[in-house]
Amino acid sequence: MQPQPPKATNVPTPARHHAGKTLATLAFALALHHTTAALAQQATPQPQQDTPYQAAHKGGTLRLVASTSGGTLDPQINYSGKYINLFAVVYDGLTTFKKVQGPEGNSVVPDLAENLPTPQDGGLTYIFTLRQGIRFSNGQPVTTADVSASLRRIFKVGSPTAGSFYSAIVGADLCLKTPATCTLKGGVEENPAQRTITIHLVRPDTEFLQKLAFTHAVIVPANTPEHDVGNTPIPSTGPYRLTKYDPNTALSLDRNPFFKEWSAIAQPQGYPDTIEYSFGIPDEAAVTAVENGQYDFMADVIPMDRLGELGNRYTAQTHVRPHAAMYFLPMNVNIPPFNNLKARQAVNYAVSRKAMVIFYGGPGIARPLCGMVPSSLPAATNFCFYTKGASPTAPALQWQAPDLAKARQLVQESGTAGQKVTLITANTSVDMAMGGWVRDMLQNIGYQASIRPISNTLSMTYVQNTANKVQISLTTWSADYPSPSNFLDDLLGCENFHPNSDSSINIPGFCNKQVQNLMDKAKTDTTLTSTQTEDLWRQADRLVMAQSPIAPLIERDTVVLTSARLGNFFYTTVNQLFFSQVWVR
């Protein structure tokens with residue numbers, strides 16, 4: 001597991017915000033609605049064609065900034081969007097997502113493999129041929145042995161997606177039980193003479209090629225330590241290599257001297273000579289620094305109170321792009337008070353999704369979300385159980401307003417009224433604004449509620465670990481690839497609940513056999529049409545929301561602020577701003 005800084009168990013709870021202050025903030029946010037809507041309209045991209053590499057723009061330093069670092073440098077463990085997007089220009093897998101802008105960026109293409117194999121044996125066998133002549137950044141050739149070792153390492157190091165993404169590989173069940181002795185015997189076979197790697201599955205997986213394209217399945221040298229490498233870079237195959245890292249201050253990348261482009265759509269050669277990340281700059285200061293050209297890109301969510309000036313003065317530097325992502329409230333179904341269904345349903349009824357839209361920046365860049373699947377994905381949620389005038393037996397088509405009276409009634413019926421509830425949230429401006437509102441709402445419906453902010457670097461792993469006894473938290477989630485499974489199965493699949501682990505992405509600890517059976521069928525039944533598969537995901541979505549382990553809040557677009565000097569803004573649907581393809585010279 002990732003080496004952890006001291007646990008944030010003693011983070012002081014700030015003085016409670018007065019309701020008047022919350023309402024004043026909301027009133028200010030309402031005034032920004034027209035500005036952010038205009039910003040979204042102005043920044044909506046027009047269809048564009050990706051251009052061939054232009055050597056005249058090669059060179060320079062791309063300067064990135066964030067309030068905190070993103071944790072471990074181990075690509076098979078790190079699950080932060082901040083570093084996953086960075087790792088996309090450092091590491092490669094057998095497959096990857098097409099590095100083009102627009103919907104085609106959702107397509108899987110071969111990367112270190114020469115081919116995208118056609119599944120054999122009814123979807124149980126995949127045979128890949130490894131490209132020749134590729135070397136790691138230390139000069140070592142990439143071999144089939146590296147591929148086999150990397151696939152085993154997913155389980156040995158306890159990758160967060162080992163169970164949800166790769167459990168269909170033959171032998172994975174034993175690897176999940178005893179990671180240290182993982183062999184994947186019968187599941188991964190290599191033929192060095194033919195440069196082939198054969199992967200056998202115990203059941204079909206209709207998304208297996210997408211899962212191999214995800215960061216946790218990148219190929220690293222076979223002699224890489226079988227534990228979290230922490231702050232030590234692992235040799236890589238992409239156009240850049242990690243060189244220096246101090247989690248408190250900075251991270252540096254420079255060109256991989258052994259990189260030669262093998263596929264422009266899989267891993268194109270990069271423009272900047274170096275990429276530098278600076279940490280410790282709060283989000284408010286980062287906005288000003290990027291506006292002024294001190295940095296080229298900020299990783300943190302832009303604070304709501306800065307969106308107005310971006311829409312008025314920095315429109316050319318501000319880009320709004322679609323991305324399958326959500327804010328939500330996971331509730332621990334195994335400890336009070338949210339081990340009670342009525343208590344969880346009360347939260348879903350009481351939360352003002354309109355307020356959450358406003359705190360993120362307005363309806364131009366966010367929308368209320370009633371279920372688990374954002375609108376940009378297949379099988380998007382098309383119902384709303386928890387809005388005024390609706391219920392799980394009589395759903396509305398969309399969210400209208402909170403129902404506080406119903407929520408208070410459910411809290412009383414649950415017998416949990418008056419219990420203490422602590423909300424965990426990241427300490428960013430947006431999360432704290434949302435969290436303050438949720439804390440006040442919890443008090444309004446009958447709980448003794450408080451809020452505990454935690455460093456943005458720590459918050460996600462903290463809320464996953466059952467040892468921390470988190471009752472409810474505010475967090476965000478983005479798609480690893482465009483599928484409803486990324487939100488339903490990843491966040492609520494039985495195989496993704498790991499007690500006492502920082503890699504338990506099923507934060508509520510939810511496991512429902514009926515829901516799991518529907519999700520498993522959607523993932524494995526190769527005879528189904530796309531319409532039939534989507535219907536299964538929608539059924540699972542409805543059953544999940546009837547049980548309410550999560551209160552979905554909003555789906556959000558990505559707002560990207562860049563410096564005036566950054567050219568060739570290059571945004572892919574999977575990796576967002578693709579750092580190797582922007583110009584800084």
Side-chain angles (χ1 to χ4, degrees), residues 1-14 16 67-72 74 77-83 157-164 179 227-228 230 247 326-340 343-344 347 416 419-428 430-432 434-436 438-439 441-443 447-477 490-511 548-551 553:
M1 304 308 300
Q2 172 180 337
Q4 293 297 307
K7 293 291 183 183
T9 52
N10 296 318
V11 175
T13 301
R16 182 177 179 272
S67 57
T68 62
S69 59
T72 178
D74 198 318
I77 295 177
N78 194 297
Y79 211 179
S80 70
K82 185 181 300 178
Y83 281 4
V157 300
S159 174
T161 57
S164 57
H227 58 75
D228 188 346
M326 67 187 287
Y327 267 94
F328 64 104
L329 298 170
M331 292 170 277
N332 192 326
V333 302
N334 297 308
I335 62 174
F338 300 116
N339 56 348
N340 188 293
R344 301 194 300 270
V347 172
T416 64
Q419 291 188 17
K420 292 183 178 181
V421 175
T422 301
L423 172 72
I424 305 297
T425 183
N427 62 353
T428 66
V430 171
D431 289 61
M432 286 291 291
M434 289 183 177
V438 172
R439 184 269 322 281
M441 174 272 290
L442 289 169
Q443 293 197 143
Y447 294 111
Q448 297 184 55
S450 60
I451 184 172
R452 179 185 295 169
I454 292 179
S455 165
N456 193 29
T457 302
L458 286 174
S459 61
M460 189 60 179
T461 54
Y462 183 86
V463 301
Q464 291 181 66
N465 197 320
T466 57
N468 296 320
K469 301 186 184 305
V470 175
Q471 298 164 296
I472 184 172
S473 57
L474 171 70
T475 191
T476 184
W477 190 259
D490 283 10
L491 294 176
L492 297 166
C494 298
E495 72 277 14
N496 293 325
F497 178 52
H498 308 290
N500 301 308
S501 168
D502 285 349
S503 295
S504 183
I505 55 178
N506 182 339
I507 300 170
F510 177 83
C511 181
S548 296
I550 280 173
L553 300 177

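For the numbers below, each heavy atom of this structure counts, side chains included, while hydrogens, waters and symmetry mates do not.
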Would you compute the distance between atom CG of L329 and atom CE of M441 and round it to the nearest 0.5 angstrom? 6.5 Å
From the list V421, L474, T425, V438, side chain to side chain contact (heavy atoms under 4.5 Å, CB included) partner of I451 resolves to T425
Is the backbone N or O of M460 less than 3.5 Å from a side-chain atom of Q464, with the two atoms forming a donor-acceptor pair by type? yes
Main-chain N/O of G71 paired to T457 side chain as donor or acceptor, under 3.5 Å: no
How many angstroms lie between atom CG of N468 and atom CG of L458, to the nearest 0.5 angstrom? 10.0 Å
Quick one: do N506 and E495 satisfy side chain to side chain contact (heavy atoms under 4.5 Å, CB included)? Show the steps, please. CA-CA 8 Å; N506 182 339; E495 72 277 14; over 6 Å; no
Between N339 and V333, is there a side-chain heavy-atom distance shorter than 4.5 Å? no
Provide the closest heavy-atom pair for P160 versus I505 in the form atom of the first, atom of the second, distance. O-CD1, 4.1 Å
Under the criterion side chain to side chain contact (heavy atoms under 4.5 Å, CB included), I'd like the reasoning laid out for Y79 against T461: C-alpha separation, chi angles, the key distance, then a yes or no. CA-CA 9 Å; Y79 211 179; T461 54; over 6 Å; no
Measuring only between side-chain heavy atoms, which start at C-beta, is S459 closer than 4.5 Å to T475? no
What pair of heavy atoms forms the shortest contact from I550 to P508, and how long is it? CG1-CG, 3.9 Å
Heavy-atom nearest pair, N496 first then D490, reads ND2-O, 3.1 Å
R439 side chain to A449 backbone, donor-acceptor under 3.5 Å: no
Using side chain to side chain donor-acceptor pair (under 3.5 Å) as the criterion, list what pairs up with S504, not counting sequence neighbours. none
Specify the closest pair of heavy atoms between V463 and V470, including all atoms of both residues, with the distance to one decimal. CA-CG2, 4.0 Å
Using only atom types and a distance under 3.5 Å, with no angle test, would you say the side chain of N78 pairs donor to acceptor with the backbone of G70? yes
Donor-acceptor pair, side chain of K82 and main chain of T68, under 3.5 angstrom: yes
Value for NZ (K469) from OG1 (T422), rounded to nearest 0.5 Å, stands at 13.5 Å
Give a yes or no answer on whether the side chain of N456 reaches the backbone of A426 with a donor-acceptor pair at less than 3.5 Å. no
Report the C-alpha distance between T476 and D431 in whole Å, list the side-chain angles of each, state the deciding distance to 0.1 Å, and finish with yes or no for side chain to side chain contact (heavy atoms under 4.5 Å, CB included). CA-CA 9 Å; T476 184; D431 289 61; 5.7 Å; no
Closest non-hydrogen atom pair, P549 against L492: CG-CD2, 3.8 Å
Partner residues of D74 under the side chain to side chain donor-acceptor pair (under 3.5 Å) criterion, sequence neighbours left out: R153
Closest approach of P337 and A343, non-hydrogen atoms and distance? O-CB, 3.4 Å
Euclidean distance, I424 CD1 relative to N332 CG, rounded to 0.5 Å: 11.5 Å
Do T416 and Y447 have a side chain donor and acceptor closer than 3.5 Å? yes
Look up atom CZ in F510 and atom CZ in R344, then write down how far apart they are to the nearest 0.5 Å. 7.5 Å
Please check this pair: side chain of T466 against backbone of P499, looking for a donor-acceptor N/O pair closer than 3.5 Å. no
Quick one, F338 with S548, criterion side chain to side chain contact (heavy atoms under 4.5 Å, CB included). Give me CA distance, side-chain angles, the key distance, then yes/no. CA-CA 10 Å; F338 300 116; S548 296; over 6 Å; no
Side chain Q471, main chain P336, donor-acceptor under 3.5 Å: yes
Suppose we screen for side chain to side chain donor-acceptor pair (under 3.5 Å). Which residues come up paired with N427, at least two apart in sequence or across chains? none
So how far is it from D228 CG to I77 CD1, rounded to the nearest 0.5 Å? 3.5 Å
